[in-house]
Structure formats: structure tokens, C-alpha cells
Amino acid sequence: EMIKEFSGLTLLEDTLRKKLKLEDVIVVSGNSDVSPWVKKELGRACATCINKRLKGNETIAVAGGTTLAAVAEMMIPDSKHQNILFVPARGGLGENVENQANTICAKMAERANGHYRLLHVPDQLSQEAYQSIIEEPNIKEILEIIRTSNMVIHGIGDAKTMAERRKTSFQDLEKIEKRYAVGEAFGYYFNQEGEVVHKVQTVGIQLDDLKKIPCVIAVAGGASKAKAIKAYMKQEINHILITDEAAAKELIREL
Ligand code: F6P
């Protein structure tokens with residue numbers, strides 16, 4: 001805590017919390033765009049935050065991405081974890097297996113001594129396939145569990161980076177660019193006003209569900225994500241934001 005005072009991180013946290021009207025902000029030092037260990041520190045800060053907020057018997061929905069993978073790495077067992085159920089927040093979004101929500105969810109549960117359930121649906125479904133899959137009894141049951149989670153932990157990405165990292169079709173890439181998307185979370189692409197300009201068709205938590213979830217934690221760092229974080233936070237969901245110094249400073253400049 002003393003180190004935090006000296007480095008001005010507390011001031012960054014307070015400023016962001018007020019400007020973005022968030023429940024809490026945690027800032028770790030450094031820039032995860034350039035130093036891989038900073039992403040690990042984001043993971044550690046998030047794991048600590050999760051443990052602090054758990055009471056037991058909760059369901060935690062987790063998203064995909066490299067930052068969430070770092071959170072999973074840093075999870076440590078806690079006596080309150082015994083009845084914690086980890087589930088993926090949404091179906092596949094075109095990520096590599098190590099960055100998929102299912103993989104991260106299983107890993108988190110293993111490290112935390114919790115339980116997990118997975119969601120097996122193909123990525124980027126057609127409208128017809130989507131409609132029929134959500135009517136499957138097994139899928140229906142797990143979807144209900146996911147959408148009524150007590151806690152959601154997710155990453156935020158730069159729109160272009162995410163569209164390129166996923167196997168996005170040429171038409172969708174064009175749409176994302178033409179509509180000036182700057183940020184992405186959960187398969188939703190946002191412009192700088194925070195409006196949804198494109199959405200990947202998949203099952204799981206929808207943006208509207210977030211408003212009913214008591215604890216939503218977003219973890220995203222690196223100066224390159226400042227615009228994305230700013231756009232996404234216009235959703236006015238009472239978030240906890242865990243970020244790094246470089247993203248925080250850039251964000252404050254933008255606000
Ligand atoms: O694709 C899953 C996802 O959580 C996205 O919603 C988000 O933009 C991205 O991963 C973040 O990835 P990373 O932590 O690797 O930057």
C-alpha cells in the first residue's frame with residue numbers, strides 16, 4: 001500500500017473511479033502492451049479481488065482472452081471456494097483453445113478448488129442453428145445458470161485487434177471498420193459513444209444480463225486499450241475495473 005501511495009497509483013484509481021462512475025478501480029504499475037509481467041500482475045490483482053468478494057456458493061462466469069488466462073494462472077484456493085461453480089460467460093468467439101472461455105473456466109476451477117461446467121456450442125452460429133441450439137434441454141439448463149451468475153469476470157479488447165484475432169468474415173470486418181468500432185467485450189463491438197455496432201452471434205450472457213449481475217469485474221490493461229475501455233464503460237454497469245498504469249493514464253487524458 002505504501003508503494004502504491006508513492007507511485008501515485010491510488011490517485012489514478014480515485015480519479016478513474018469518479019470519472020467513470022465505477023464501484024472500484026484497481027491499477028497495477030506498468031504497461032502490459034510492452035511488459036508481459038504486467039499482465040500477470042493484472043491477473044494477480046484480479047484473483048485477489050475475486051477472493052475478497054466471494055462469500056461461498058456463488059457461480060462465476062468467465063470470459064476468454066489472454067488477460068483472463070493470466071487471471072486463471074494466478075487463482076489460489078481459498079476456504080470459501082468449496083462451493084464455487086465456474087462457467088464460461090459466452091459460447092465460442094473464435095479464439096484459440098488456450099484463450100477460450102471454456103478452457104479458462106476449467107483452469108480457474110482447478111486452481112481455486114472449485115467446480116466447473118462447460119458450454120459446448122460451435123462458434124458463430126447461423127440464426128437457425130442458434131434458435132434450435134438454445135432450445136436443447138441441456139443447453140437451456142446451463143444457459144440459465146450462466147445468465148444468473150453472481151459474478152462475471154471479463155476482458156476488454158481493441159476492436160480491430162479482436163476482429164483480426166478471431167476468424168471474422170470479410171463482411172463483418174468491413175462492417176466493424178465502417179461503423180468505427182473501437183472496443184470489444186463479450187463479442188459486442190462498441191463505437192466511441194459506447195453504442196453496439198456489431199455483435200457476434202453466440203449463446204451465453206448478453207449485454208442486458210450484466211445489469212442484473214451483482215458483481216462485474218473487467219480486467220484490461222495496456223495503453224492501446226484506453227479507447228476500448230472508455231467506449232465500453234459507457235454501458236454504465238456498476239463495474240470493478242482492474243487495469244494498469246499506462247491504460248489508466250491514457251484513459252484520464254481521454255476523459
Ligand atoms: O474473445 C474473448 C475476449 O474476452 C474479448 O471479449 C476481449 O476483447 C478479449 O478476449 C480480450 O483479450 P486479451 O485479454 O487477450 O486482450
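Indexing begins at 1, ligand by ligand and atom by atom, following the structure's order.
- For Arg166, the closest heavy-atom approach to ligand 1 falls below 4.0 Å.
- In terms of heavy-atom proximity, Ala109 sits nearest to His115 at CB-O, 3.4 Å.
- Among all non-hydrogen protein atoms, the one lying nearest atom 6 (O) of ligand 1 is Glu184 OE1, 2.7 Å.
- A donor-acceptor pair under 3.5 Å is formed between the side chain of Glu58 and the backbone N or O of Gly56.
- The shell of residues lying under 4.0 angstrom from ligand 1, judged by heavy atoms, includes Met162.
- When hydrogens are left out, the protein atom nearest atom 3 (C) of ligand 1 is Gly64 O, 3.4 Å; that is the closest non-hydrogen contact.
- One option in Val62, Thr66, Leu42, Thr67 has a heavy atom closer to atom 15 (O) of ligand 1 than any other, and that option is Thr66.
- In terms of modelled atom types and a separation under 3.5 Å, the side chain of Lys225 and the main chain of Ile156 share a donor-acceptor contact.
- The protein non-hydrogen atom at the shortest distance from atom 12 (O) of ligand 1 is Arg165 NH2, 3.1 Å.
- Relative ring orientation between Phe186 and Tyr188 is described as perpendicular, the plane-to-plane angle rising above 60° on a 0-90° scale split at 30° and 60°.
- No side-chain donor-acceptor contact under 3.5 Å links Thr202 to the backbone of Arg90.
- Aromatic ring pairs are classed by plane angle as parallel below 30°, tilted from 30° to 60° and perpendicular above 60°; the pair His154 and His239 is perpendicular.
- Closest to atom 2 (C) of ligand 1, if we only count protein heavy atoms, is Glu95 OE2, 3.3 Å.
- Ile176 places none of its side-chain heavy atoms less than 4.5 Å from the side chain of Lys160.
- Electrostatic pairing of Lys140 and Glu136 does not count as a salt bridge here, judged by no charged N lying under 4.0 Å from a carboxylate O.
- Near Ala185, meaning under 4.0 Å from any of its heavy atoms, are these atoms of ligand 1: 6 (O).
- Among protein heavy atoms, the minimum distance from atom 11 (C) of ligand 1 is reached at Ile156 O, 4.0 Å.
- Those atoms of ligand 1 with a heavy atom of Gly157 less than 4.0 angstrom away are 7 (C), 8 (O).
- Residue Phe186 places at least one N or O, backbone or side chain, under 3.5 Å from an N or O of ligand 1.
- The protein non-hydrogen atom at the shortest distance from atom 16 (O) of ligand 1 is Lys225 NZ, 2.6 Å.
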